[in-house]
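Residue numbers start at 1 and run along the sequence shown. For the numbers below, each heavy atom of this structure counts, side chains included, while hydrogens, waters and symmetry mates do not.
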Amino acid sequence: MPEDRNGGPVQGQARLRHQTLVLPGPARQVGRNLLAAPKARRPFAPVPYFWSDQYGTRIQAYGFLRGHDEVAVVEGDLAGRRFVAAYRRGDRLTGALAMGMPPRAVRAWRQAIAGGAAWREAVGTAAA
């Protein structure tokens with residue numbers, strides 16, 4: 001769960017704690033930065049996520065779901081308890097929450113969040 005540097009709720013930059021963030025992600029980024037030109041170097045900044053199976057239903061969350069300006073169901077439907085909801089802050093896609101959807105259905109959303117996709121572009125693609 002994201003938390004700020006003092007252990008409180010996320011307000012800005014977050015400290016992420018999850019076993020999948022240990023390796024190989026940071027090590028891969030260190031290697032890229034060692035080989036890159038100084039202006040091309042980037043910090044390790046993974047998209048936070050979690051998943052859980054609850055009573056036979058998979059719940060997956062990617063990105064930052066707090067502090068959003070808008071949330072929209074972009075795939076599936078709430079009544080059927082099979083959906084993907086996209087979260088927006090400003091003009092950017094910042095998070096996605098999926099319930100009852102297979103991991104492949106959420107993969108594109110995770111990539112869009114990591115790439116800093118514009119809300120209209122990401123949601124418009126889903127509606128098409």
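With sequence neighbours excluded, no residue forms a side chain to side chain contact (heavy atoms under 4.5 Å, CB included) with A108. For the salt bridge (Lys or Arg N to Asp or Glu O under 4.0 Å) test, residues two or more places apart in sequence or in another chain that qualify with D53 are R58. Remark: L34 engages V30 in a side chain to side chain contact (heavy atoms under 4.5 Å, CB included) (not counting sequence neighbours). Under the salt bridge (Lys or Arg N to Asp or Glu O under 4.0 Å) criterion, R88 pairs with D69, E70, sequence neighbours left out.
Here CZ of R82 is found 10.5 Å from CD of E75. Values are rounded to the nearest 0.5 Å. Rounded to the nearest 0.5 Å, atoms CH2 (W109) and CE (M101) are 10.5 Å apart.
The backbone N or O of R41 lies less than 3.5 Å from no partner atom in the side chain of R32, so there is not a single donor-acceptor pair. Here the side chain of D91 pairs no donor or acceptor atom with the backbone of W119 at under 3.5 angstrom.
By the 4.5 Å heavy-atom criterion applied to side chains, V84 and V73 are not counted as neighbours. At least one side-chain heavy atom of Q54 sits under 4.5 Å from a side-chain heavy atom of I59.
Minimum heavy-atom separation, T57 to G100: CG2-N, 3.7 Å. Taking each heavy atom of G63 and I113 in turn, the nearest pair found is CA-CG2, 4.1 Å.
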May I have the list of side-chain donor-acceptor pairs in residues 92-99 shorter than 3.5 Å, sequence neighbours left out?
residue, atom, partner, partner atom, Å
R92, NH1, G116, O, 2.7
T94, OG1, F64, O, 3.4
T94, OG1, Y87, O, 3.3

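Counting only residues at least two apart or on different chains, no salt bridge (Lys or Arg N to Asp or Glu O under 4.0 Å) pair has a member in residues 97-114.
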